[in-house]
Amino acid sequence: MPEQPFAGLQFEGTLSTDPREIAYAAADFGGIVSRPPSAVARVSSSRDVSAVLRFAAEHGFSVTPRGQGHTGMGQAQSASGIVLDLSGLSTVHDISDDRVVVDAGATWAELLAATLRHGLTPRVLTDYLGLSVGGTLSVGGIGGTSHRYGAQTDNVLSLDVVTGDGVLRTCSPTEAPDLFAAVLAGFGRCGVIVRATIPLIPAPARVRRIKVYYPTAAELRAQQRKLLRERRFDFLQGQIIPGEAGWLHLLDVAAFHTPPAEPDDALLDGLGFDAARDKTEDLSYAEFAARLDETVGYLETTGEWRAPHPWANLFLPDHATGTFLDGIMSGLTRADLGDSGLILTYPVPADVLTTPLFRVPDAPTVFLVAALRYAATGAAAEQMVESNRRWYDTAAELGGTSYPVGAIPFTENDWRNHLGEARQLIAEAKTRYGPRATSREAEPQQARKP
Ligand SMILES: Cc1cc2nc3c(=O)[nH]c(=O)nc-3n(C[C@H](O)[C@H](O)[C@H](O)COP(=O)(O)OP(=O)(O)OC[C@H]3O[C@@H](n4cnc5c(N)ncnc54)[C@H](O)[C@@H]3O)c2cc1C
């Protein structure tokens, strides 16, 4: 390698080989693998992104885009390549009655703050809003309103993308639809999203949130299925939480409304709501959207926010979710999830999940099963990662898929199986739009130890 390998790279942002920048880009929320890049390019415009990608193509560097680095096992890292940090490309541009144009590095919190000033909201928000728009559009993005609207990738009007040849292109369902399909949930393989146009709807002013506990996971699922059919709630989730006296099975639902309209008195009908045990609360929509802030604050004080996070995110066909959960829960202890660990589980009808690269089981309804695990030590993290892999193998046998944002070791062969026929979309887009991959040639999440 030449002594100053990046000498010819000119752009308005910054390129750094400083050890602190390298350490920043070698780390992620998962805290399990660490792959130092050769350099970190902080970009502030699509011109910058083009300049870096052109330089990388000419000089044989791989480039990995990074939003907030909240993936679990190196998906936004680049061993010896260039990490393209988009956090400075974060302007919220035009907001009209039904859409917003936003730079990819903006977080959903920044985007929502801007749209709420106009009384508007994106249809689907992730539970935690500190993720970048480009980051979740590159993986999927699912939340409590997904049962109505699908993933965030199902709610995009158009994208500006810099492809592997360094060219800025606009794509949408009608303009370069092949590129649009290869980029959404594409983990940066076929281009860097620099800007997105996202549909907006009127934001409700108020939210009635209802939490009800059930004795078993099967009863929780039965309620979730019933509520999904009835479309009673705007927001539908659920959790399995370790309690003092065993597992708690929490239905977490919410109805949106704007005064003078009031929430329907019948919301609690048939839920088995027990005022002594369960809870309703009325919140503003902004408070509801930011509901995880308090938890994040707490996890920062306990140190768990910075600890390794071997999260396992899976989708199961409805009919196999019980078998899968019974299997992984038998013998599972609180220690296996970590002090603040829990398992998110909720249903989504598959017909609203239309993004080709967002791979879900072939079933009318699928359940997200996301084990949010916190490891106190590196050794504990390693064991959790190993069990994640076993859980994935079991899920795959039952027709399940991985939502590959967490820490399930995945080989190139696993990716091949995961993507199935949709691999063709990626191959064709690479041939048409980029002389080489913008991301590293290997797949975004590989089983490698630090
Ligand atoms: C606390 C927490 C809460 C979460 N909650 C949810 C949730 O409710 N719903 C949900 O679906 N997921 C959730 N996730 C998972 C999250 O959606 C993904 O990890 C997401 O990728 C994080 O966004 P990011 O900006 O950190 O992306 P990064 O980790 O920076 O990047 C993710 C992937 O996308 C690529 N990429 C990033 N930006 C771009 C771009 N502009 N163009 C092309 N490729 C790009 C990267 O190379 C990488 O492969 C959560 C994760 C955490 C840690």
Side-chain angles (χ1 to χ4, degrees), residues 24-25 27-31 37 43 46 49 53 62-78 81-87 89-90 102-110 124-146 150-153 159-164 182-196 235 237 289 291-293 295-296 299-300 304-306 309-311 313 315 340 344 346 348 353 355 357-358 368 370 372-374 403-407 437-440 442-446:
Y24 155 81
D28 59 24
F29 184 82
V43 291
S46 56
V49 176
L53 290 191
S62 68
V63 177
T64 301
R66 176 186 168 107
Q68 289 291 319
H70 272 51
T71 25
M73 208 163 155
Q75 291 89 332
Q77 297 175 11
S78 178
I82 301 173
V83 165
L84 189 80
D85 187 287
L86 288 131
S87 55
L89 184 58
S90 59
V102 58
D103 286 345
T107 63
W108 288 94
E110 289 163 343
V124 183
L125 295 170
T126 45
D127 296 341
Y128 173 62
L129 300 179
L131 312 168
S132 76
V133 170
T136 67
L137 295 185
S138 299
V139 301
I142 193 144
T145 60
S146 287
Q152 290 178 324
T153 47
L159 294 173
D160 287 352
V161 174
V162 179
T163 46
V183 167
L184 288 170
F187 284 84
R189 292 181 191 88
C190 294
V192 179
I193 302 171
V194 289
R195 197 172 277 193
F235 175 100
Q237 287 197 344
R291 64 194 175 282
L292 277 199
D293 288 359
T295 310
V296 172
L299 294 172
E300 274 170 350
E304 288 165 289
W305 190 249
R306 307 266 159 231
H309 301 107
W311 289 9
N313 305 276
F315 284 103
S340 297
L344 271 177
Y346 56 90
V348 181
L353 299 170
T355 304
L357 296 184
F358 189 68
L368 173 72
L372 311 186
R373 314 176 82 176
Y374 298 81
Y403 178 24
V405 292
T438 53
S439 198
R440 59 187 164 279
E443 291 292 2
Q445 183 189 16
Q446 299 282 326

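Numbers here are sequence positions counted from 1. Each ligand, and each atom within it, is numbered from 1 in the order the structure gives.
When each atom of ligand 1 is checked for a heavy atom of Ser138 under 4.0 Å away, the hits are 34 (O), 35 (C), 36 (N), 39 (C), 40 (C), 42 (N), 43 (C), 44 (N), 45 (C). In the vicinity of Ala104, heavy-atom distances shorter than 4.0 Å reach the ligand 1 atoms 41 (N). In summary, the atoms of ligand 1 found under 4.0 Å from a heavy atom of Asp127, numbered by their order in the structure, are 7 (C), 8 (O). For ligand 1, the atoms sitting less than 4.0 Å from at least one non-hydrogen atom of Thr136 are 17 (O), numbered in the order shown with element in parentheses. Taking a cut-off of under 4.0 Å to the non-hydrogen atoms of Gly188, the atoms of ligand 1 that pass are 43 (C), 44 (N).
With respect to Gln68, the side-chain contact (heavy atoms from CB on, under 4.5 Å) criterion is satisfied by exactly one of Thr107, Leu86, Asp28: Thr107.
With a 4.5 Å cut-off on side-chain heavy atoms, Ile193 and Val133 do not count as touching. Residues Ile142 and Val124 are not in side-chain contact: their nearest non-hydrogen atoms beyond the backbone lie 4.5 Å or more apart. In this structure the side chain of Val192 never reaches within 4.5 angstrom of the side chain of Val43, judged on heavy atoms. Counting heavy atoms from C-beta outward, Gln75 and Val139 have side chains that stay 4.5 Å or more apart. Counting heavy atoms from C-beta on, the side chains of Asp160 and Ser46 never come closer than 4.5 Å. Side-chain contact check for Gln77 versus Thr64: every heavy-atom pair is 4.5 Å or farther apart.
For Ser146, the side chain to side chain donor-acceptor pair (under 3.5 Å) criterion is met by no residue, not counting sequence neighbours. When the salt bridge (charged side-chain N to carboxylate O under 4.0 Å, His left out) test is applied to Arg66, the partners found at least two apart in sequence or on another chain are Asp85.
By the criterion of a heavy-atom distance under 4.0 Å, the side chain of Leu86, and not its backbone, is placed next to ligand 1. If you look at Ser132 next to ligand 1, the close heavy atoms, those under 4.0 Å, come from the backbone and the side chain alike. Of all the heavy atoms of Phe29, the ones lying under 4.0 Å from any atom of ligand 1 belong exclusively to the side chain.
Checking Val405, Leu131, Val43 against atom 14 (N) of ligand 1, the nearest heavy atom belongs to Leu131. Across the listed options Gly135, Ala185, Gly141, Gly135 owns the non-hydrogen atom lying nearest to atom 21 (O) of ligand 1. Counting only non-hydrogen atoms, the option in Trp305, Trp311, Tyr403 that gets closest to atom 52 (C) of ligand 1 is Trp311. For atom 20 (C) of ligand 1, the choice among Thr64, Val139, Leu125, Val49 with the nearest heavy atom turns out to be Val139.
Ring planes of Phe358 and Phe315: perpendicular class, angle over 60° (limits at 30 and 60°).
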Item to complete: Apply side-chain hydrogen bond (donor to acceptor under 3.5 Å, both in side chains) to Thr126 and Trp108, showing your working.
Response: CA-CA 8 Å; Thr126 45; Trp108 288 94; 5.0 Å; no

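Here the closest non-hydrogen pair linking Ala25 and Pro37 is CB-CG, 3.9 Å.
Considering both main-chain and side-chain atoms, Gln68 comes within under 3.5 Å of ligand 1 through a nitrogen or oxygen pair. For a threshold of 3.5 Å applied to N or O pairs, the pair formed by His70 and ligand 1 contains at least one separation below that value. For a threshold of 3.5 Å applied to N or O pairs, the pair formed by Ile142 and ligand 1 contains at least one separation below that value. Residue-to-ligand polar distances keep Thr126 apart from ligand 1: every N/O pair is separated by 3.5 Å or more. Checked by distance only, ligand 1 and Ile193 come closer than 3.5 Å through their nitrogen or oxygen atoms.
In this structure, Gly191 has a heavy atom closer than 4.0 Å to ligand 1. Distances shorter than 4.0 angstrom occur between a heavy atom of Gly69 and an atom of ligand 1.
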